[in-house]
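Note that the numbering runs from 1 along the sequence shown for the chain. Indexing begins at 1, ligand by ligand and atom by atom, following the structure's order.
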Amino acid sequence: MAAAISVTPLVPYNRKRRPSAVKLRCYNGVEEDRKQWEKFYKRHQNKFFKDRHYLEKDWGHYFCHPKVLLESHPNFRKDQINVFVCNIAEENLCDHIMPASVDIVTLVFTLSAVSPEKMPIIIQNLGLVLKPNGHVLFRDYAIGDYAQTMLMNKNQVISENFYFRGDGTCSYYFSEDFLSRLFERAGFVVVDVNTYNKEIINRARNITMQRRWIRAVFRRP
Ligand SMILES: C[S@@+](CC[C@H](N)C(=O)[O-])C[C@H]1O[C@@H](n2cnc3c(N)ncnc32)[C@H](O)[C@@H]1O
């Protein structure tokens, strides 16, 4: 499949080297990402990402009738859920799910974890399993977020808007334009895209954080 979006070329980066003087970091690929996320979940198990109830709060009306949903949950029922491990940047989702069989894909803080180079392939992959008129419900980090500024200040840049964190995982910060173009180039229609801000005050550390997230809905025609 052809990657349709142009991004800053990425070159291998050895994460074992200390991030001292060099400003622009390089990227070690999806296999390295997998190892870093495995370490992350070994360390935090399922305690790090809290359930923010996005599905009910923001997108409840998408779930009003029985739907085929691409997502997962630890309390799943085996007779209702098909659980599989898949690297969505490199494996074909149709090896696990029937083509054009899914009503809704939730993409919540997941696309930001992969290199922007891989994003077009992932979105095309999702398009293959979505039914016509199926939706992608998207939520992720927005450009200008407090955490982005921190990563920039610590010189943890891999490429434009893409950073590595202290724990070795990566994080991309989306603009509405970049995100919309990404999906449009994969043949999706933008139903809604917006950025929202929240000021969070940490009294213990005496800091005010401007957090920014992007949420969007895309439809497969
Ligand atoms: C920030 S976590 C978000 C987890 C979850 N969606 C949530 O909101 O709690 C990013 C997730 O992306 C997954 N991920 C990163 N690269 C991936 C890939 N190539 N294929 C499948 N999942 C990937 C990681 O395993 C990790 O669970």
Taking all non-hydrogen atoms of both residues into account, name the closest pair between I104 and L130 and its distance. N-CD2, 4.1 Å
Less than 4.0 Å from some atom of ligand 1, heavy atoms are found in residues W37, Y41, F49, C86, N87, I88, A89, V108, F109, T110, A113, V114
F48: which of W37, F109, F40 passes ring pair (Phe, Tyr, Trp, His ring centres under 6.0 Å): F40
Please work out whether the ring planes of F218 and F183 are parallel, tilted or perpendicular, with thresholds of 30° and 60°. parallel
For the student: nearest non-hydrogen atoms of Y141 and I214, plus distance: O-CG2, 3.8 Å
Check the angle between the aromatic planes of F84 and H96 and answer parallel, tilted or perpendicular using the 30° and 60° thresholds. parallel
May I ask you to check whether D177 and S175 show a side-chain donor-acceptor distance below 3.5 Å? no
